[in-house]
Chemist: 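Have a look at the structure that comes next, please.
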Amino acid sequence: SGLTLLDSLRGDVLARARRRRLMIVPILCKNTLTIAALARACDLQKNTIKSFLDGETINMSAENREILALRLGFMIDELPK
């Protein structure tokens with residue numbers, strides 16, 4: 001196959017981003033929240049939220065996952081991995 005390891009990693013990042021954005025972006029839109037506003041509401045850095053949504057973050061800390069999940073109205077285990 002013509003796929004390289006880099007292609008595979010890109011695919012993983014894109015798959016994570018898609019899963020996360022499909023659940024989270026509609027909530028942001030419904031509540032007219034920007035990523036920056038969500039970050040402020042969670043007391044997290046904007047880049048923490050952006051990297052998570054972009055699929056770049058593989059293992060968000062348990063504390064940050066909990067804060068983000070609860071702020072978005074999810075149970076912790078419902079927040080996309």
Side-chain angles (χ1 to χ4, degrees):
S1 121
L3 289 178
T4 66
L5 177 59
L6 186 56
D7 292 328
S8 177
L9 292 175
R10 277 192 197 117
D12 291 346
V13 169
L14 292 174
R16 277 193 301 274
R18 180 172 167 74
R19 269 194 316 273
R20 294 168 181 175
R21 286 180 176 271
L22 280 173
M23 284 187 73
I24 295 170
V25 170
I27 295 169
L28 296 179
C29 291
K30 178 181 171 190
N31 294 297
T32 60
L33 279 173
T34 62
I35 292 172
L38 176 61
R40 282 191 302 276
C42 293
D43 199 26
L44 298 173
Q45 295 293 316
K46 178 182 164 189
N47 284 339
T48 299
I49 305 291
K50 186 172 179 337
S51 294
F52 180 76
L53 289 175
D54 288 346
E56 296 166 356
T57 302
I58 296 172
N59 293 314
M60 180 181 271
S61 75
E63 180 182 3
N64 287 353
R65 279 186 66 79
E66 180 177 7
I67 292 167
L68 182 58
L70 295 177
R71 178 62 183 90
L72 291 169
F74 294 120
M75 298 300 291
I76 299 162
D77 59 344
E78 294 174 322
L79 191 66
K81 299 270 185 210

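Reckoned from all heavy atoms, side chains included, excluding hydrogens, waters and symmetry mates.
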Chemist: Tell me which donor-acceptor pairs under 3.5 Å the side chains of residues 28-43 have, and how far apart each pair is, sequence neighbours excluded?
Modeler:
from: Asn31; atom 1: ND2; to: Ile27; atom 2: O; distance (Å): 2.9
from: Thr34; atom 1: OG1; to: Ala36; atom 2: N; distance (Å): 3.4
from: Thr34; atom 1: OG1; to: Ala37; atom 2: N; distance (Å): 2.9

Chemist: Between atom CG of Leu72 and atom CD1 of Ile67, what is the distance when rounded to the nearest 0.5 Å?
Modeler: 12.0 Å

Chemist: If you round to the nearest 0.5 Å, how far is CD1 of Ile24 from CZ of Arg19?
Modeler: 11.0 Å

Chemist: How far does CG of Asn59 sit from CZ of Phe52, to the nearest 0.5 angstrom?
Modeler: 11.0 Å

Chemist: Just one of Arg20, Arg18, Arg21 clears the side-chain contact (heavy atoms from CB on, under 4.5 Å) bar with Pro80, so which one?
Modeler: Arg20

Chemist: Out of curiosity, Met23 CE to Leu79 CG, how far, rounded to the nearest 0.5 Å?
Modeler: 7.0 Å

Chemist: Within a 6.0 Å radius of atom CD on Glu56, are there more than 12 heavy atoms belonging to other residues, nucleotides or ligands?
Modeler: yes

Chemist: With sequence neighbours excluded, give me every salt bridge (Lys or Arg N to Asp or Glu O under 4.0 Å) pair touching residues 68-81.
Modeler: none

